[in-house]
Every structure is written in structure tokens, then in C-alpha cells.
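Some notes on the structure that comes next.
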Amino acid sequence: MASATSLATHDHAGAEDFAALLDATLGPDTGFAGSVVTGRVIRVDDDYAIVDVGLKSEGRVPLKEFAPPGQKPEVKPGDVVELFIERYEDRDGSIVLSREKARREEAWTNLEKAFQAGQRVTGTIFGRVKGGFTVDLGGAVAFLPGSQVDIRPVRDVQPLMGTPQPFQILKMDRARGNIVVSRRAVLEETRAEQRAELVQGLKEGMVLEGVVKNITDYGAFVDLGGVDGLLHVTDIAWRRINHPSEALEIGQKVKVQVIRFNPETQRISLGMKQLMADPWDGVALKYPVGAKFSGRVTNITDYGAFVELEPGVEGLVHVSEMSWTKKNVHPGKIVATSQEVDVMILDVDEPKRRISLGLKQAQGNPWELFAEAHPPGSIVEGEIRNITEFGLFIGLGPELDGMVHMSDISWDLPGEQAMARYHKGDVVKAKVLDVDVEKERISLGIKQLEADPAAEVLDRVRKGDIVTCVVTAVQSNGIEVKVDDVLTGFIRRAELAKDRADQRPERFAVGEKVDAKVTAVDRAARRLALTIKGKEVDEEREAMKEYGSTDSGASLGDILGAAIRRRREMAGEE
């Protein structure tokens, strides 16, 4: 036991001797560890600066601690700096110093004061971490959440990095070394100040600069520096803009004019086109009525198409002015958006900013062009496009049709029978009879390609002539006859005989020849109106005139008998 106690006493004495030896080397006061001291740079090696801090040994500091993150350190012999003593090294007795920790200690102290007072602090964004960024606050590193960088989402933070700027401390925990800062809080505070100042001096007609903050279907919201204004899609430009994104993009700087401002609701209406020259000024002189211009189709509706004559100046082509031939067709089947078209100015109403345009007028009236190229009497050829109950429609090109009325198909056959000889798709020739430009009609004839076989008879026969007819049809109301096999005539029932008892159509047979008097000649219809009764009355009158009258005592039978005998005698002499 004694020997063991003696050994323990010896070991304790040895420890005291070592402590005394250490005190003799470094000095008895080693309480500097963990404190901040002032030192002078003696020399600069490759990676360290050797600094005299007034102790028995010199200390060394990594060069990277003499510069903010991302910057080149600037330190030279003779510089006086504040340093944090970390520890004494055991082997060579040198002192481990930290410039960064010295700055951090000082920074934390200052930051705590600013945090308590609610003051802003200056820092520099120097790195990117998950969920945000790192900020150097004069030696203390703080965390900047991504949502606290700016009021609006920032696509590129690179321009903000490395630049000193104000921050607001949201949270501090010295024990854990955590600091959370916000740049957005500073901007919002500044924005509120600017907003109050801006709204106070805002007046209609002012020209301001702003940044496009958001884009919607009906316009764009522009940040004027603390207050937003609405730039409606119709006030972006004089030309038609279907969506604001055609002319603007988020983040774009724009110059705008205050159109309307309501101080109570603080609603601001902005305009960009108001800062540009109005293209409608003097538009009536630039676009006279009757002149032709080229334009671009910008919009198509059920009632027409809008054509841009120049940026900001549009005119409407009403659906009725789009095509000469396509009726009741949607404008989208005639023109397409962005199509270049030729138009004619029909009307200009400058005060109402309206221009009426004609598409078909710029192309020429096809009926006028046809009439010039095919005067009446011209021969044309085309395909039968349609057959109706009253005639044939013949195609005269991609847009025009001409009509052959059923009465103009054949000289001899009735209309229905003549039409039965033709079919849709047949190619036929016809003669142009008439072109009515106003009614947009072209009348054609097929039978007119040949001479009228009844023309000679029509020229010869006159009203009052006695002609020999051949019965072709017996009807209840009269008989149908033909003259010289080419000319049709009709004798009504009442005109079949002088005596009522003989006015019976069934007395006549088809093929029977009869003599009749012409009462009317219809050259257009190639038809005669005839009477047998009238012929008999005329014969009776002549007989009475020649052979006497009933007043002389002779009967009508005696007179007619004498007339008949006289006629027979003359025939016998011949």
C-alpha cells in the first residue's frame, strides 16, 4: 500500500512539473482562448497570414478568411486586424487564430442589436442551397428562403449575387447559429412607401414607366413601382391584338399613360397606344371611296371578315360584299385568317372609325365581264349542271350559270318533252339571248342555234287571212291545229261554228282539214288564234251583199243557195 501511494504521489508531482514547464514556455496566462484580440500581420505565406497578437507566439490565419465569399483576399504585412483566438497548439506552441470567427462574433453582436431594433441589415448573396440562398451579413452567414428573394418570382438570381443590398432579419438563434433573412420584406416596405407617394401624385394623362407583372386574356397588369395598373388588350396598340401575349411578356419594361384613375378604389387604367400616333387621323384622305388596296385578313365572323389595311386601321368586308356568286356562305369558306386580299373602299366613317370594304368589287362583276365577252347572239358551250321543272342550267365557267328556259329548247317539241332529251352532265351548245347584270341572269337558247321553221309562215300570215289547218288534237274546250305543218293554232269551242248546236269539238277528227280565219298572230309564242265562226259570218255577209238581202223578200236560204251555185259555176268555168 505504501509503495502504491508513493507512486501516485510521484505521478502527481510529474504532472505539476509539466504544467510548470508549459507555463514557462507559453506564459502562465492561457485565458486568451475564445477571445477576440487585435494583431498585426507580419508576413503572408502561400495559404496563411502570420500575425503577431502580442503573445509569446505568433499565430496563423488562413488567407481565405480575409475576403468575403467568392472574392480574392486582400491582406499585406503591416495590416492591423481583429482575430479570434481558437486555441494554443501543443507541439510547436503556435496560436491558431480565426479572422472569420472574429468577424462572426462582431457581426452577431451587431445583428442582434439590429434584430431587436427592427432595423435593416446589409448583406451579400453568395451561394445557393436547397430551398434558398446563403447571405453574408458582414461575417455571419444567414439563410434566405427562395420565397423571400423578391415580391415576384425571380427566374434568374445571378444578377443579385455578389451585390450588397438591404435585408430584414426574420429569425435569429445564436445558440444554433441560425439566421433567417428576407429581401422581400424590404421591397414590400419600400413598395408601400412608393405606392403612397405615387398614388398621392397620380393624375390622368401622366406618362409612367412600369414592368409587366401578369398577363391575362383581357389585358396585362403593370407594376408602376408599388401600385399596379391594368393595361387592357384594346389599349396596347392601335392594331388588332387577339391576346396580350402577342405584344407583351412578363418582366418587360413599358411606357404607359394613365387613362383613368379612381382615387376611391385606386383602380388605374393604362394605355400604350395613346402614346403613339393615331393611324385613323386623315384616314378618309388616305383611303378614298372607290380605290383598291391590298390588306390582310385579321378576323373572321359570321357577318364578314376584318381586313387590316395598315397597322391599326381595319375595315369590314360584309358577307354580302364577299362574292358575286357564293350566296349564304360563311365568310370562313371564302377567305382565311392572315390571307392577303385585294379590296375596294366602299365607305369611310372617320369619326366612328369604320371602313366598309368590298372583296367582290375588287375582282370585277362576272356578269359584266361575261356580257362584254359574250354579247347576245354569241355561241357558248357548257355542261348541264342542273335540270329544274322550268329549264336547264348550263355552266359557263367556275362561277356562272346560264339558263335555257324549257320554251327555248326546241322549235317543235313541247317544253317538257324537249327537256326529257337532256341529262345532267351533258355538254351542250347554246346561243346567248340576254344578259341582265342587275338581276345576275344569263338567258340562253338551244333552239335558236337553228332557224325557226315557222318564220316564213309567220312573215306571210296576217290577221284576217283565211288559212287551211290540219286538226292535231281534239279537246273539250276546242281543237288544236297546225298550219303548213310548222305553225300551231287553236280554235276555241265558241269559235267552231256560227250555230251553237254545231259548236262541238267532237265533230272534228284528228287529221281533218278545216278552213279558219286568223284572229291573232303571237310571233313570240309562234301561235295563231283562229275562228271558223268568224269565217262563216264573213261569208254570209259577203253573200248577202252580193245576192240581195232579206228585205227584198228573198230568204237567207235563197241567198246562200244562189251564192253556192254561183261559186260552183265559176269553179266549173275554171
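Note that the numbering runs from 1 along the sequence shown for the chain. These numbers were taken from a predicted model, which means no experiment stands behind them.
- A salt bridge does not link Lys292 to Asp342: none of the charged nitrogens lies less than 4.0 Å from a carboxylate oxygen.
- Using modelled atom types, one side-chain atom of Arg183 and one backbone atom of Val149 make a donor-acceptor pair closer than 3.5 Å.
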Side chain to side chain contact (heavy atoms under 4.5 Å, CB included), that's the test. Do Thr337 and Asn299 meet it? Break it down for me. CA-CA 6 Å; Thr337 305; Asn299 192 30; over 6 Å; no
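- Side-chain contact check for Leu231 versus Phe221: every heavy-atom pair is 4.5 Å or farther apart.
- Trp280 contributes a side-chain N or O that, together with a main-chain N or O of Gly312, makes up a donor-acceptor pair within less than 3.5 Å.
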Derivation and outcome, side chain to side chain contact (heavy atoms under 4.5 Å, CB included), residues Ile125 and Gln165: CA-CA 9 Å; Ile125 302 174; Gln165 49 197 310; 4.1 Å; yes
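- Within the structure, salt bridge (Lys or Arg N to Asp or Glu O under 4.0 Å) pairs that include any residue of residues 347-363 comprise Asp278-Arg353 (at least two apart or interchain).
- Smallest separation of non-hydrogen atoms from Gly118 and Gln168: O-NE2, 3.3 Å.
- Under the 3.5 Å distance criterion, the side-chain polar atoms of Glu189 are left unmatched by any main-chain donor or acceptor of Val186.
- Using cut-offs of 30° and 60° for the angle between ring planes, the Phe370 and His374 rings count as parallel.
- No donor-acceptor pair closer than 3.5 Å links the side chain of Glu321 to the backbone N or O of Gln361.
- Using modelled atom types, no side-chain atom of Lys255 and backbone atom of Leu275 make a donor-acceptor pair closer than 3.5 Å.
- At least one side-chain heavy atom of Asp150 sits less than 4.5 Å from a side-chain heavy atom of Leu187.
- Between atom CZ of residue Phe133 and atom CE of residue Met161 there is a gap of 7.0 Å, rounded to the nearest 0.5 Å.
- Comment: Arg296 does not engage Glu340 in a salt bridge, judged by the lack of any side-chain N to carboxylate O separation of less than 4.0 angstrom.
- Considering only residues two or more places apart in sequence or on other chains, Glu246 meets the salt bridge (Lys or Arg N to Asp or Glu O under 4.0 Å) condition with none of them.
- For the pair Val121/Pro166, no side-chain contact is recorded, criterion being any heavy-atom separation below 4.5 Å from C-beta on.
- Here the CG atom belonging to Leu137 is positioned 5.5 Å from the CG atom belonging to Leu111, to the nearest 0.5 angstrom.
- With hydrogens and angles ignored, the 3.5 Å screen pairs no side-chain donor or acceptor of Ser356 with any backbone N or O of Leu346.
- In this structure, Val233 and Pro244 have side chains that are in contact, with non-hydrogen atoms separated by less than 4.5 Å.
- One finds the CD1 atom of Ile241 at 9.5 Å from the OG1 atom of Thr234 (value rounded to the nearest 0.5 Å).
- Under a cut-off of 6.0 angstrom, the local environment of CZ in Arg128 is sparse, with at most 12 non-hydrogen atoms contributed by other residues, nucleotides or ligands.
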So Leu270 and Asp235, side chain to side chain contact (heavy atoms under 4.5 Å, CB included) or not? Walk me through it. CA-CA 8 Å; Leu270 305 174; Asp235 290 312; over 6 Å; no
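- In this structure, the side chain of Gln257 does not engage the main chain of Gly271 through any donor-acceptor pair within 3.5 Å.
- Inter-residue side-chain proximity for Val283 and Val313 is flagged as met; some heavy-atom pair is nearer than 4.5 Å.
- To the nearest 0.5 Å, the span separating OG1 on Thr124 from CG on Leu160 amounts to 11.5 Å.
- For the residue pair Thr298 / Glu314, a side-chain donor-acceptor distance below 3.5 Å is found, with atom types taken as modelled.
- At a threshold of 4.0 Å, the pair Lys286-Glu310 counts as salt-bridged, since one of the basic side-chain nitrogens sits closer than that to a carboxylate oxygen.
- Closest approach of Ser245 to Ile215, counting heavy atoms only: N-CG2, 4.2 Å.
- Between the Trp324 side chain and the Leu400 main chain, no donor and acceptor come within less than 3.5 Å of each other.
- Between atom CZ of residue Phe306 and atom CD1 of residue Ile355 there is a gap of 12.0 Å, rounded to the nearest 0.5 Å.
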